[in-house]
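Presented below is the structure to which this report refers.
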Amino acid sequence: PFVGNVIITMYSKFNLIEEAQKVFRLIKDKDIISWNTFIAACSHCADHEKGLRAFREMLNDCSLRPDDFTFASVLAACAGLASIYHGKQIHAHLIRTKLNQDIGVNNALVNMYAKCGSFGYACNIFKKMLHRNLVSWNTFVAGLGNHGLGEKALEIFDQMKATGLKPDSVTFIGLLVACNHAGLVDKGLYFFNSMEETYSIAPNIEHFSCLIDMLGRAGRLQEAEEYMSRYPFGRD
RNA sequence: UUUCUGGAGAUGU
């Protein structure tokens, strides 16, 4: 199955989920990684229903037990579908099987609840997590930002820095979204400018477009135009 | 070999 697993990942990077599925079907003696790889591939290609179907098939048709990687991917599928119904079932199962201690699984739970509109649950899980990594913080900052809790997102960012973790490109997208949704325009500008200066992270197309969007919504069109003229990605 | 986080816009009521 080894080679097949790699090929599935490769196809999914090109968004070719049908091709990935053909390969998956052809693998005989699928191992746990084959299933995990395929379910994750479905998520990456945004075919979340397919991912959930594969998960069901895994439970029914083979003797392999899902592991923490499996559940993280399945939860991503639930998040993609905004399906609190499936998500809660998985959560309950995780509690029963004690698989809810894994960082990746918890990150996926926080994200799932945030995306499914149960932000209170997301907060509780985040707070209870014993270990957090960069993805944990990024997920939570973005979740707050998406819910319009901009100031809170900035607080959490400060807490993150206090732990000694260095923000990355994804962190700043979360912060910019937070500033955008909460109307914290000057703070957004500050973050955009500081990411390169203090963290040597070059803004990419997402950062630029979020910033320009924010300036546009605030009616600060002259500044928006300035950033557009500095925009290094052509005329998207 | 596999997991979890990242922008905007577009339809309808």
Side-chain angles (χ1 to χ4, degrees), chain A residues 1-13 20 23-24 27 30-44 48 51 54-55 58 64 66-80 87 90-91 94 99-115 122 125-126 129 131-146 153 156-157 160 165 167-181 188 191-192 195 201 203-217 224 227-228 231 233 236:
Chain A
F2 202 77
V3 180
N5 297 346
V6 180
I7 297 174
I8 292 172
T9 301
M10 193 195 75
Y11 274 130
S12 79
K13 292 203 170 130
V23 175
F24 179 66
I27 299 176
K30 297 178 183 60
D31 61 10
I32 181 74
I33 294 180
S34 308
W35 288 94
N36 292 350
T37 303
F38 181 64
I39 294 169
C42 294
S43 274
H44 291 147
H48 304 107
F55 178 60
M58 177 186 188
L64 295 168
D67 64 5
D68 42 353
F69 281 58
T70 322
F71 284 113
S73 295
V74 172
L75 286 166
C78 298
I90 305 285
H91 189 186
L94 287 167
L99 236 44
N100 61 336
Q101 303 188 349
D102 178 72
I103 298 190
V105 168
N106 276 291
N107 291 344
L109 277 170
V110 170
N111 184 48
M112 185 276 293
Y113 278 121
K115 294 265 165 67
I125 292 169
F126 180 82
M129 287 173 69
H131 305 289
R132 303 186 185 112
N133 60 18
L134 183 58
V135 174
S136 319
W137 293 97
N138 287 351
T139 305
F140 198 53
V141 167
L144 288 163
N146 285 324
I156 296 295
F157 176 61
M160 177 191 134
L165 275 175
D168 69 357
S169 181
V170 176
T171 316
F172 281 101
I173 291 175
L175 289 168
L176 290 170
V177 171
C179 292
N180 191 349
H181 289 181
F191 282 123
F192 184 89
M195 58 186 283
I201 301 168
N204 63 27
I205 187 165
E206 284 91 356
H207 300 97
F208 266 94
S209 103
C210 190
L211 183 81
I212 292 164
D213 180 69
M214 180 183 75
L215 291 168
R217 284 180 207 273
Y227 282 97
M228 282 177 71
Y231 186 75
F233 304 102
D236 183 38

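If you're wondering where the values come from, they're calculated on a predicted model, not measured in any experiment. Sequence lines set the chain letters: A, B, ... in the order given, protein chains first and strands last, and positions in each chain run from 1.
Among B:A8, B:C4, B:U5, the nucleotide with an atom closest to any side-chain atom of A:A142 is B:U5. In this structure, of B:U2, B:A8, B:C4, it is B:C4 that holds the atom nearest to the side chain of A:A76. Side-chain proximity of A:F2 to the nucleotides B:U1, B:U5, B:A8 is greatest for B:U1. The side chain of A:S209 lies closest to B:G7 when the candidates are B:U1, B:U3, B:G7. Listed nucleotides B:G7, B:U5, B:U2 differ in distance to A:N138; the shortest reach to its side chain belongs to B:U5.
Remark: A:S43 engages no residue in a side-chain hydrogen bond (donor to acceptor under 3.5 Å, both in side chains) (not counting sequence neighbours). Scanning for side-chain hydrogen bond (donor to acceptor under 3.5 Å, both in side chains) contacts around A:T139 gives an empty result, with sequence neighbours left out. Residues forming a side-chain hydrogen bond (donor to acceptor under 3.5 Å, both in side chains) with A:N36 (at least two apart in sequence, or on another chain): A:D67, A:T70.
Within the 4.0 angstrom heavy-atom criterion, base atoms lie near A:N204. Backbone-only engagement by A:R217 is indicated by non-hydrogen atom pairs under 4.0 Å involving sugar-phosphate atoms exclusively. Residue A:A72 is classed as a base contact, given a heavy-atom separation below 4.0 Å to a base.
Summarising the geometry, the separation between CG on A:N111 and C1' on B:U5 is reported as 6 Å, rounded to the nearest angstrom. The CG-P distance, from A:L134 to B:C4, rounds to 15 Å in whole Å. Put simply, CZ on A:F24 is 19 Å from P on B:U1, counting in whole angstrom units. One interatomic measurement links the two molecules: CE of A:M112 to C1' of B:U5, which rounds to 15 Å at whole-angstrom precision. Atom OH in A:Y11 sits roughly 16 Å away from atom C1' in B:U1 (whole-Å rounding). One interatomic measurement links the two molecules: NE2 of A:H181 to C1' of B:G9, which rounds to 12 Å at whole-angstrom precision. Taking atom CE on A:M228 and atom P on B:G9, their separation rounds to 15 Å, with Å as the unit. Distance, A:E206 CD to B:G9 C1': 14 Å, rounded to whole Å.
Counting only distance, with no hydrogens or angles, the side chain of A:N100 and the backbone of A:N106 share no donor-acceptor pair below 3.5 Å. The backbone N or O of A:N107 sits nowhere less than 3.5 Å from a side-chain atom of A:N111 that would complete a donor-acceptor pair.
Taking the six-membered ring for Trp and the full ring otherwise, the centers of A:W35 and A:F24 sit less than 6.0 Å from each other. Remark: aromatic rings of A:F126 and A:W137 are close, center separation under 6.0 Å.
Stem regions for RNA chain B, meaning three or more consecutive Watson-Crick or G-U pairs with both distances under 3.5 Å, do not exist: the list is none.
Taking the side chain as every heavy atom from C-beta outward, A:F2 and A:D31 never approach each other to under 4.5 Å. Using a 4.5 Å heavy-atom threshold, the side chains of A:M58 and A:I32 count as touching.
Of all the residues in residues 30-38 of chain A, A:I33, A:N36, A:T37 reach under 4.0 Å from RNA chain B with at least one non-hydrogen atom.
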In a table with atom names and distances, give each donor-acceptor pair under 3.5 Å that connects a side chain of residues 169-177 of chain A to protein atoms at least two apart or in another chain.
{"unit_1": "A:T171", "atom_1": "OG1", "unit_2": "A:N138", "atom_2": "OD1", "d": "2.6"}
{"unit_1": "A:T171", "atom_1": "OG1", "unit_2": "A:D168", "atom_2": "N", "d": "2.9"}
{"unit_1": "A:T171", "atom_1": "OG1", "unit_2": "A:D168", "atom_2": "O", "d": "3.4"}
{"unit_1": "A:T171", "atom_1": "OG1", "unit_2": "A:D168", "atom_2": "OD1", "d": "2.9"}

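In this model, the phosphate group of B:C4 is approached by a side-chain N or O of A:H44 to a distance below 4.0 Å at OP1 or OP2.
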